[in-house]
Student: 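Okay, handing you the structure first.
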Amino acid sequence: MTRTLDKSNAHYRKALTRLPLGVASNFRFWGEDRTIYVKRGKGARFWDLDDNGYVDYRLGYGPAILGYADDRVDAAARAGMDVGGVFALSTELEFTVAERIASMVPSVDLVRYSNSGTEAVMAALRLARAHSGKDAFVLVEGAYHGLFDSVLWYADLSEWHPETSDAEPPVVAYSDGVPASTRNLVYLTPMNDANRLEDLFRRRGDKIAAILIEPIMGNCCGITADVDYVRAVRELCDRHDVVMIIDEVKTGFRVARGGVQELMGVEADISTYAKAIANGYPISVVAGREDIMRLFGNGVAHGGTYTAHSVALAAAQKTLEILDETSTLEDIAAYGKRLQAGMSRILDRRGIVHSFAGHPSMGGLFFAEEAPKTYRDWKTSDYTFYDTMARHLHDHGVICEPDSREPWFVCAAHDDSCLEDTLSGFETAIDLTIDELGRDDMRRARA
Ligand SMILES: Cc1ncc(COP(=O)(O)O)c(C=O)c1O
């Protein structure tokens with residue numbers, strides 16, 4: 001396949017006159033001559049303005065769990081349109097969907113809706129602070145919890161090298177414009193180090209309201225917490241009166257009906273959901289323990305003009321029904337395993353060491369012998385190889401995130417023809433990457 005992006009490139013130049021970077025989200029800008037504008041999507045594929053077709057493993061960063069334009073969900077959404085939108089009043093369906101969520105996730109007693117993952121996490125943090133009477137909170141290195149100031153602090157590995165430095169990676173703001181004062185309320189900790197967390201809670205537990213954790217890091221190669229670690233976090237939270245917020249914005253209703261909590265046998269105090277809940281219609285959820293959730297309306301503010309919109313709610317009802325009552329999640333995981341096995345065959349034939357992190361439905365591909373256990377481990381992988389491969393994949397009809405930290409998402413519409421096209425594109429992309437990087441870099445890839 002030789003891809004041309006003439007129409008996308010022309011549109012980019014036009015879009016630049018009215019849209020910063022020519023796009024509606026910074027992450028959608030892929031360079032002046034590689035930014036894609038979508039014409040339409042169906043199932044696991046989409047087509048761009050130049051009619052290039054792609055098998056997609058970004059799926060909008062996870063939401064399209066049943067595939068784009070799923071007929072069943074879209075029919076429900078159309079019926080939701082007939083309800084009338086938003087009334088600044090409630091509808092019966094809010095309760096029906098809340099009942100479904102509570103039946104799928106044991107830690108959920110009560111539910112409130114918002115429109116984006118960011119809003120749900122903001123609400124969760126506010127609740128935790130109100131409940132505990134404390135202001136600080138803990139983030140796990142490598143995690144992403146949305147685009148609000150409080151959580152826009154991260155461990156910067158760009159100048160940090162595990163072989164040469166014992167020092168901690170610096171904590172920096174993810175964006176200009178984040179008030180420096182918000183730094184004082186954040187503690188960062190590496191995944192899978194319970195001793196370190198215990199030490200932090202001992203020293204600062206009187207200030208820490210919550211820990212925000214994604215036990216499978218959906219924005220960091222699918223790096224996965226050990227079950228023992230997550231259980232230790234649970235126990236430490238109980239001991240130090242810290243609210244455990246499990247951010248299931250990516251894992252929720254994807255890795256299992258009850259999300260990552262079901263996989264790991266752990267119950268959060270508060271959970272946040274978005275993405276897969278409505279197959280791409282904008283709705284999110286903050287949910288959890290009754291005593292904490294009842295603080296909404298009893299001191300804690302929560303609301304929003306578009307909250308529980310009738311279209312998004314109807315889409316959520318149908319999507320959750322399908323995910324709960326059919327074998328969809330098992331089918332998605334089975335495809336993910338076949339995909340990983342196919343990739344492994346291609347890489348093994350060329351002697352390229354690799355591993356997979358996360359879950360087959362959202363797996364990170366990692367060019368190192370072992371999957372990372374912390375964000376710092378990601379530094380040991382050959383991400384130059386990944387980045388080069390990703391560009392060639394795009395040219396050959398397979399879409400993954402250009403950044404190696406984003407996992408590959410699978411949906412129910414990925415079928416045999418998608419697998420065939422993916423593996424053929426993958427094989428070509430790997431060979432082109434080897435050609436491009438040459439022998440010296442390949443030696444690094446082979447560790
Ligand atoms: C774990 C996690 N939390 C929160 C968010 C923020 O969600 P949104 O982009 O809907 O605001 C994301 C987005 O990718 C996420 O992956």
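We count ligands from 1, going down the list as the structure has it; atoms in each ligand are counted the same way. Values below: every heavy atom of this structure, side chains too, minus hydrogens, waters and symmetry copies.
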Student: Taking the six-membered ring of Phe253, is the NZ or CZ of Arg257 close enough (under 6.0 Å from the centre) and on axis enough (within 45°)?
Tutor: no

Student: Around Glu330, counting heavy atoms of other residues, nucleotides and ligands shown, do more than 12 lie under 6.0 Å from its CD?
Tutor: yes

Student: May I ask you to say whether Arg289 pairs ionically with Glu267, meaning some side-chain N is under 4.0 Å from a carboxylate O?
Tutor: no

Student: State plainly whether the residues Glu235 and Arg231 are in salt-bridge range, i.e. N to O under 4.0 Å.
Tutor: no

Student: Measuring from each atom of ligand 1, which residues have a heavy atom under 4.0 Å away?
Tutor: Ser116, Gly117, Thr118, Tyr144, His145, Gly146, Glu214, Asn219, Asp247, Val249, Lys250, Lys275

Student: Looking at Lys42 and Asp71, is any side-chain nitrogen of the basic one under 4.0 Å from a carboxylate oxygen of the acidic one?
Tutor: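 Salt bridge flag = yes for Lys42 with Asp71.
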
Student: Heavy-atom count around Lys373 NZ within 6.0 Å, excluding the residue itself: above 12?
Tutor: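 Counting other residues, nucleotides and ligands, NZ of Lys373 exceeds 12 neighbours.
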
